[in-house]
Amino acid sequence: MKSFSILAAVAALATQASAHYVWPQLIVGGTNTSSWQYVRQTNNWQDLNPLTDVTSTDVRCYDSAQSGTASTVTVAAGSKVGFTVSGNPANLYHAGVLNVYMAKAPSGTDVANWDGSGTVWFKVYQISAVTDGGSTITFPTTGMSEITFTIPAATPSGQYLIRTEHIAIHSASYFGGAQFYIACAQVEVTNGGSGTPGPLVAFPGAYTGNEPGILINIYYPIPATYTQPGPAVWSGSGSAGTSSPATTTAVTTVKTTTTVATTTSTSKTGSSTGGTVAQYGQCGGQGYTGATSCVSPFNCKATNQYYSQCL
Ligand SMILES: *[C@@H]1O[C@H](CO)[C@@H](O)[C@H](O)[C@H]1NC(C)=O
Ligand SMILES: [Cu+2]
């Protein structure tokens with residue numbers, strides 16, 4: 001049935017195309033700003049296609065074919081920002097992991113005119129995969145229509161690029177198969193602290209494409225562990241600015257579970273091990289040992305046996 005197989009192939013292509021996505025809006029003060037207002041318009045703003053060459057300078061902000069007219073928005077250190085996802089469907093549909101990096105523009109350089117070159121990028125947030133020794137691998141970013149994180153209170157004042165990156169690894173078992181969905185926003189951090197962000201990496205340079213978390217078959221055999229690409233999330237150590245919000249927690253990092261747990265912990269009201277979890281942060285799941293209370297008004301909801309998050 002030739003016609004059938006052609007139809008099936010076309011349908012498969014269409015499905016694949018519609019499953020791509022971009023990051024057009026920065027979320028500031030809990031509000032979605034306009035598309036490409038503070039986020040640099042990316043080359044894929046219309047076709048939504050991913051970047052796959054991690055050695056390209058486009059791995060920085062994927063904006064080489066655009067004219068770069070984004071504005072710069074002021075955000076306080078210690079405050080929350082985020083990015084929305086646009087596409088069809090408008091969420092992080094592919095199995096994948098998330099990293100958010102920041103880089104400070106050299107003094108005297110307007111971030112709007114800066115390309116983000118140099119060994120200047122530090123990681124402020126990540127959402128990894130969840131493994132349990134080889135039975136399952138799950139991807140907590142799946143279905144997220146936005147991501148939010150806290151700019152570490154110890155981040156020094158100044159102008160920064162904030163680079164979000166979803167690495168889709170649903171077809172990453174061959175070199176170049178991983179799909180990078182990237183965007184950079186321009187911000188001016190005020191009321192900053194005295195921290196020294198790091199470890200620092202360069203783009204390109206941070207990845208070769210051969211990392212175990214990028215060149216990976218997630219289906220067979222099911223990976224026993226998952227190694228998040230890139231450097232460690234900056235601890236956010238250092239003093240905060242003088243009038244920062246009370247919360248100085250740098251980021252809520254989703255733990256990569258590598259051991260098979262014997263108990264299920266998805267309780268909403270159980271005693272917290274200290275602190276509350278931010279929106280989208282992990283608050284439960286088999287093997288999870290962190291805080292289980294969500295910051296108001298969010299509640300801890302089980303995504304699956306291994307992962308509960310504050311929604
Ligand atoms: C902000 O954008 C996200 C992602 O598209 C969407 O889910 C949310 O409803 C938007 N919020 C508002 C207030 O429009
Ligand atoms: Cu896709």
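Hydrogens, waters and symmetry mates are skipped; everything else that's a heavy atom, side chains included, is used. When a ligand or atom number is given, it counts from 1 through the structure's own listing order.
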| said: Rounded at 0.5 Å granularity, tell me how far NE2 in H166 sits from CD1 in I182. | reply: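 Going from the NE2 atom of H166 to the CD1 atom of I182 covers 12.5 Å.
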
| query | Taking atom CD of Q37 and atom OG1 of T72, what is their separation to the nearest 0.5 Å? | reply |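 The OG1 atom of T72 is 11.0 Å from CD of Q37, to the nearest 0.5 Å.
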
| Between Y181 and Q179, does any side-chain donor sit less than 3.5 Å from a side-chain acceptor? |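 Per modelled atom types, Y181 and Q179 side chains form a pair under 3.5 Å.
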
| message | Tell me which N, O or S atom from H94 is the closest to the Cu ion (ligand 2). | response |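 In H94, the N, O or S atom with the shortest distance to the Cu ion (ligand 2) is NE2.
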
| task | Just give me the atom name: the N, O or S atom of H20 closest to the Cu ion (ligand 2). | result |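 H20's closest N, O or S atom to the Cu ion (ligand 2) is named ND1.
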
Would you find a donor on one side and an acceptor on the other, under 3.5 Å apart, between the side chain of [X] and the backbone of [Y]?
X: N49; Y: H20; result: no
X: T141; Y: G96; result: yes
X: W121; Y: G116; result: yes

| query | Which protein residues have a heavy atom under 4.0 Å from ligand 1? | reply |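 Lining ligand 1: N32, T84, V85, S145, E146.
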
| SG-SG distance C61 to C184 under 2.5 Å |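 Yes, C61 links to C184 through a disulfide.
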
